[in-house]
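Structure first, then comments.
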Amino acid sequence: MSFSTLVSDLHFRDNANDRASHASRPSAQSTTSSNARSYASTAATSVSVSGDISSQLHGGYSHPLARSWQAERQLTKSMLIYPLFISDQDEEETLIPSLPNQHRRGINKLVPHLEPLVRKGLRSVILFGVPMAPNVKDALGTAADDPQGPVIQSIRLLRARFPSLFIVADVCLCEYTSHGHCGILRDDGSLNNTLSVDRISDVAMTYAEAGAHCVAPSDMNDGRIRAIKLKLIEAGIAHKIVLMSYSAKFSGCMYGPFRDAAGSCPSFGDRKCYQLPPGGRGLARRAIHRDIGEGADIIMVKPASSYLDIISDAKEIGKDMPIAAYQVSGEFAMIHAAAAAGVFNIKTMAFESTEGILRAGATIVVSYFTPQFLDWLSS
């Protein structure tokens, strides 16, 4: 209905009201006028309705609480996993320049850092070991499962000091190998998948036996989920260890700050032959199917914001499973850089980006924003 038609209808209704007030009793004409008034009233109330009444949506999110009800998933503290870089230098506490507000910490600095966060509601951490001592790295990454190494010592410490804290141990060799790749190499520099899987599964077992609640292989070697699951079963501990697979981990330029923190940059080449190509949606779907079939309990997608379609695919394929997403160091650093340039408010963008990840299907988020979220979610 046009605005001019509406005005005419309203004018007709006013005149009809005047006539009706002077009439002593109803007549055929007044009945007609009543019908016209009813039509005019309906027309007036539907002036902004361009279609069916179901097109009226604003009322459903007119209040802040009502807006929150529109989300299929709302961010809670229990969804967050906080990444920690654990140095083999016990007293180290070094700021990572490319990763804002994040530090590499020795074991003696862990408890003072985590105590206030646990009080605020921190539920889970993921541990990345960072060997800094000279000559500790070798071709096999033997320091990865050193009983005196940073990860195993941290698992034991955190289990003792924070009994309610859920501890995830990342499982990879890149931080510990002299070449910086995620497995054992052949003489020609290519990845030896068979030897790598055997080594990765041994490291995962060591972390599980040390007390990790969850082992999370991030190496992307074919078949490592099955190998880890079988060893957990053989050891009689599969019933109490969560196996979280980095099933859809894509190669790309978003990991730079992490590699600065962990000292895990390859000394030659890249990881494109074992991490997924950015356009490889079909490969990601196949990897997710494979890892579910091999016994993964949780599927992870990494990075997150550039791969929301893959998170959605993971939820579709693993509809009965938790889906994790890692908002990686490059994503975190970009948000900080844009906020520093005045592009947006950092808190607003932290929530928007994370809510997008949840909307795509994730129920777990590995996030460097976790300390801030613990405050923001409380307020």
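We count residues from 1, following the sequence as given. From a predicted model like this one, the values you see are computed outputs, not experimental measurements.
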Regarding S178 and D138, is there a side-chain donor-to-acceptor distance under 3.5 Å anywhere?
no
For K77 and T370, does a side-chain donor sit closer than 3.5 Å to a side-chain acceptor?
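No, no side-chain donor-acceptor pair sits under 3.5 Å.
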Has [X] got a side-chain atom pairing as donor or acceptor with [Y]'s backbone, closer than 3.5 angstrom?
| X | Y | result |
| --- | --- | --- |
| E209 | I237 | no |
| R67 | Y61 | yes |
| T348 | F344 | no |

Sub-4.5 Å side-chain heavy-atom contact between [X] and [Y]:
| X | Y | answer |
| --- | --- | --- |
| I299 | I292 | yes |
| I81 | V125 | no |
| V111 | E115 | yes |
| D375 | K120 | yes |
| I298 | I323 | no |
| P83 | F128 | yes |
| I155 | Y207 | yes |
| M244 | V168 | yes |

Of the options R104, K109, H103, which is the one that meets E92 in a side-chain hydrogen bond (donor to acceptor under 3.5 Å, both in side chains)?
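Option passing the side-chain hydrogen bond (donor to acceptor under 3.5 Å, both in side chains) with E92: R104.
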Looking at [Y] and [X], is any side-chain nitrogen of the basic one under 4.0 Å from a carboxylate oxygen of the acidic one?
| X | Y | answer |
| --- | --- | --- |
| K231 | D198 | yes |
| K137 | E175 | no |
| R224 | D291 | yes |

Go through D170 and Y246 one step at a time and tell me if the side chain to side chain donor-acceptor pair (under 3.5 Å) criterion holds.
CA-CA 10 Å; D170 177 85; Y246 289 69; 2.8 Å; yes
R161 atom CZ, over 12 foreign heavy atoms within 6.0 Å
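Not buried by this count: 12 neighbours or fewer within 6.0 Å.
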More than 12 heavy atoms of other residues, nucleotides or ligands under 6.0 Å from CZ of R290: yes or no?
yes
May I ask you to check whether Y82 and Y368 place their ring centres under 6.0 Å from each other?
no
Would you please indicate if the ring centroids of F369 and H336 are separated by under 6.0 Å?
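Close enough - the centres of the two rings lie under 6.0 Å apart.
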Over 60° means perpendicular and under 30° means parallel, so tell me whether W376 and F373 are parallel, tilted or perpendicular.
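Because their plane-to-plane angle is over 60°, the rings of W376 and F373 count as perpendicular.
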Could K302 and F258 be counted as a cation-pi pair, given that NZ or CZ must be under 6.0 Å from the ring centre and within 45° of the axis?
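Satisfied, under 6.0 Å and within 45°.
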For residues A248 and I310, report the shortest heavy-atom separation together with the two atoms involved.
CB-CG2, 3.8 Å
I'd like to know if [Y] and [X] are part of one continuous hydrophobic network [Ile/Leu/Val/Met/Phe/Trp/Tyr, side-chain heavy atoms within less than 4.5 Å].
| X | Y | value |
| --- | --- | --- |
| V118 | L80 | no |
| Y255 | I126 | yes |
| I107 | V151 | yes |
| M79 | F166 | yes |
| I364 | V215 | no |

If the condition is side-chain hydrogen bond (donor to acceptor under 3.5 Å, both in side chains), which residues does Q327 pass it with, not counting sequence neighbours?
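Partners of Q327 by the side-chain hydrogen bond (donor to acceptor under 3.5 Å, both in side chains) criterion, ordered by chain and then number, come out as S353.
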